[in-house]
Structures are given as C-alpha cells and as structure tokens.
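Before any comments, here is the structure.
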Amino acid sequence: MSPFGRNNNGFTTRGLPEDVETLLRDAVPIGGHVLPPLPYPYDALEPVISKETLTLHHDKHHLGYVNNLNKAEKALAAARQAGDMALIRFWETELAFHGSGHILHCIYWTNMKPGGPEQPGPFLSRQIELAFGDFDAFRNQFLAASNAVQGSGWGILAWNPAWGRLEILQAEKHENLTQWGAIPILVADVWEHAYYVDYRNERRRYLDAWWTLVNWDDVERRLLLALHAQLPLT
Ligand code: MN
C-alpha cells in the first residue's frame, strides 16, 4: 500500500485507474513539449560550469531536442493520417533520440544545485548500500561509467522497477544501451557540449567537479516517485 493511498500516476494500488479523464488531461499533447526554464540563473553553477556553457547547453542544445521531438511526433501523426509509413524508420529514430534527449536534460538541470547537501538522505543512502555496497563504491562506479562512455552520452543512476533496486547504466547518444523500464534519477551529461568550453578534452576533471554540484535532495525525490512504478515480470 502506498503511503499516499494511490501512486503518482493516478492508479489505485490495485492497478485500476481512479480517474481516466484526469490521466488523459495530464498527458502532454502530441507535438506539445516545451523547454522548461532552468531552476537557477545561468551563472549559478560557476565556476564548475560557466555561464557560457550553461546558456548554450540549455538555450540551444536542449531547445533543439524539444523542437525536434515535437517535429517527429507531428510527422508521425501526419503519417498516420495519410496512411503513409514510407519514412517510419526515420521518424521512429528521431522520436527515440530527441525524446530521450529532452527527458535526460530535464533531469540533468534539476540534479544540480549550488551549495546542496553533500550526501544523499537516509532513504537514498540505504538503497545505494543495498545496490552497490557503500557510497564510495557507488561513486567510483558511477564516475567511471560516465567517464568511459564511448563517444557522446550519459552516465545514469536508475531505479529499475523490474528488480526493485538501483543500478548504474551508460547511455550512448541519448537512447542507446538502455534497459527497458529503468527510470533515471541521476544523470551526468558527457557530451562534449557539456564540458568542452570549460574543460576542453578533460572529461574526468569535469565529472569530478560536477559531482560537487549534485542536488541529492532532487535525486532522493526522484527515487521516491520512481518507487511507484511497477513492471511485473509475471
Ligand atoms: Mn547535453
């Protein structure tokens, strides 16, 4: 039984929708994604991340993913309407790439905060110990995985509802190497656009500095919400 009586998707603990119309009303319209503003000023993460990097990253790169996600969704709607699936592989690829890019950037912005808590809260700490042994072992694996991404991608701490524990994944580009059902709660952007202006080719130096910005309160909030997801294997 959820402490809230129902989970955050509006489903009762027996899996029945409480109010289907509410769920439909809350859905993002097709082609209606919007770029959320940064939760802090553009210079708030200096000196770790410069105002120049953050401005370009949010206003140009992230906006591009939002725009192209909307474009793909509208193109697929038009294809359905016309009954024309000639470009289906192209648009499905666009949907996965830009949709994943939009989601991961939204998480990345909120995962950072200047002067946040240095350690996770008690619940997240317990889950980290269960999955990785202790906090240092977790940090070492997360930063090593992030640093070792081949080409452009992400390091990701995810809650996997299928096995009920945390795990660390890599993403190449935004959408490759995922494990279905895994819900990202902490993400490190290791595309060169995230660090090249400030750190040149020194990805690991960026990651070690980035670690000091992690907003552990946000990571724990995301874990508590992710716990409501269910992915039954039987
Ligand atoms: Mn990025």
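Count residues from 1 along the sequence. Whatever order the structure lists them in is the order used to number ligands and atoms, beginning at 1.
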Would you say His62 has an N, O or S atom lying under 2.8 Å from the Mn ion (ligand 1)? no

Does Arg126 have more than 12 heavy atoms from other residues, nucleotides or ligands lying within 6.0 Å of its CZ? no

To check your reading of the site, what angle at the Mn ion (ligand 1) do NE2 of His193 and NE2 of His57 form, to 10°? 90°

side-chain contact (heavy atoms from CB on, under 4.5 Å) partner of Trp91, chosen from Thr93, Leu87, Ile88: Leu87

Can a salt bridge be assigned to the pair Arg205 and Asp208 using a cut-off of 4.0 Å between side-chain N and carboxylate O? no

Which N, O or S atom name in Asp189 marks its closest approach to the Mn ion (ligand 1)? OD2

Name the one of His174, His105, His61 that satisfies side-chain hydrogen bond (donor to acceptor under 3.5 Å, both in side chains) with Asp189? His105

